[in-house]
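Some notes on the structure that comes next.
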Amino acid sequence: MRPLIASIDLSALRHNYSLAKRCAPGRRAFAVVKANAYGHGASAAVECLSDIADGFAVASLEEAEQVRAVAAGARLLLLEGCFEPDEYVRAAELGLDVAVQGEAQAIALLESSIIQPMNVWMKLDSGMHRLGFSAAALREWHARLNDAPQVAELNLMSHFACADERGHPLNEAQLEQFVGLLDLDFAHRSFANSAAVLTLSAAHMDWLRPGIMLYGASPFAELSAAALGLKPVMTLTAAIIAVRDVAAGESVGYGAGWVAQRSSRIATVSCGYADGYPRTAPPGTCVVIQGRRVPLAGRVSMDMLAVDITDLPQAALGDEVELWGAQVPVDELAQACGTIGYELLTKVTQRVPRRYIGG
Ligand SMILES: *Cc1c(COP(=O)(O)O)cnc(C)c1O
């Protein structure tokens, strides 16, 4: 078998969910498990959290079907609502909570002939300008949805654009928009993603919606997951599949852009960009072998990458290589590549087997 595995530490996932709850005592939290639980495997993540999570949140009906199959009774929120009018029937059958993010969705809901009424989350566009009603439109639609037969609980939600930037003026402005609707009668309110869970207690409301923090990565550029008390859930581990010595002046890899400045020992590692390792990793990016950091040598290939182990002479064929995890935080690699941990985690491809530990 190809030596490349994504180990998923389920005890870390539980730790991180509990940490989110401790940030906001007395509030409830939807564990956000969209995008296959940020690449970790939705079914396993949901099963692992099912006895402690208050609910789950996903991005589509297809994702909801998968979660429902392993969490029969759980509260399950469709974050963007239904994409087509005929999805409401299935959403109601599945007992979902649905976001209603605009007029078209509200009309489709009111025209649907669902048998069981659904919990509805009206989405306020408080400033991100992606989804949601304006405050004025929301007031009008609140009146129409409030006594609709299709609606069980009527709830309010909104989403931050800049919660990962502490002190950003839009955070205050969005909060103000939300609070401006406190006179409307809602069963529950929800506003906080991970960043707001961790640093904006005024936005905690009734239901949190933590995502990235559950997986042990940080939503902040300048605040590490470890400093936040989060434990990494995924460790991506490959192995050394070849070792060679190259003379000074020889090049390594595609494009021959990396040239040995001294006689060097090169290890070839069983992970490439078709597994989700970023091809944009710049020179100097490190992996860990035997607890020591060693730098990439040359470009990342589709199925392999090379590292310079000249300064780690004890490294040998078959040694484990951590691409990210406890020793190389995924956020650190992401930042070096000009992206965010969210993207690296969700882009680990299908061909990488997930192995669950700590369950
Ligand atoms: C993805 C998502 C979240 C979770 O965001 P994180 O930054 O991962 O915590 C919360 N709310 C909505 C509406 C989302 O789409």
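Read the numbers this way: they start at 1 and go in the same order the structure lists the ligands and their atoms.
- Ligand 1 has no N or O atom lying under 3.5 Å from any N or O atom of M213, backbone or side chain.
- When only interatomic distances are considered, the shortest N/O to N/O separation between K123 and ligand 1 does not fall below 3.5 Å.
- Of the protein's heavy atoms, Y342 OH, 2.6 Å lies nearest to atom 7 (O) of ligand 1.
- Residue nearest to atom 13 (C) of ligand 1, selected from Q101, H159, K34, M128: H159 (by heavy-atom distance).
- Taking the salt bridge (charged side-chain N to carboxylate O under 4.0 Å, His left out) definition, one finds that E65 meets it with R90, sequence neighbours left out.
- Scanning the protein for heavy atoms near atom 10 (C) of ligand 1, the closest one is R209 O, 3.5 Å.
- With values rounded to the nearest 0.5 angstrom, C162 atom SG is found 12.5 Å from E172 atom CD.
- No side-chain donor from either of S270 and R2 sits under 3.5 Å from a side-chain acceptor of the other.
- Atom OG1 of T339 is separated from atom CG of D331 by 10.5 Å, given to the nearest 0.5 angstrom.
- The ligand atoms of ligand 1 that sit less than 4.0 angstrom from a heavy atom of Y38 are 1 (C), 4 (C), 5 (O), 6 (P), 8 (O).
- Remark: distances from the non-hydrogen atoms of F30 to ligand 1 are all 4.0 Å or more.
- Looking at A57, A59, S194 and measuring to atom 9 (O) of ligand 1, the nearest heavy atom belongs to S194.
- Between D275 and R351 there is a salt bridge, with a side-chain nitrogen of the basic residue lying less than 4.0 Å from a carboxylate oxygen of the acidic one.
- Annotation: H142 is in aromatic contact with F186 [ring centroid separation under 6.0 Å].
- At a 3.5 angstrom cut-off on N or O pairs, G211 counts as close to ligand 1.
- For the residue pair D54 and W207, no side-chain donor N or O sits within less than 3.5 Å of a side-chain acceptor on the partner.
- Listed by number with element, the atoms of ligand 1 under 4.0 Å from a non-hydrogen atom of I212 are 6 (P), 8 (O), 9 (O).
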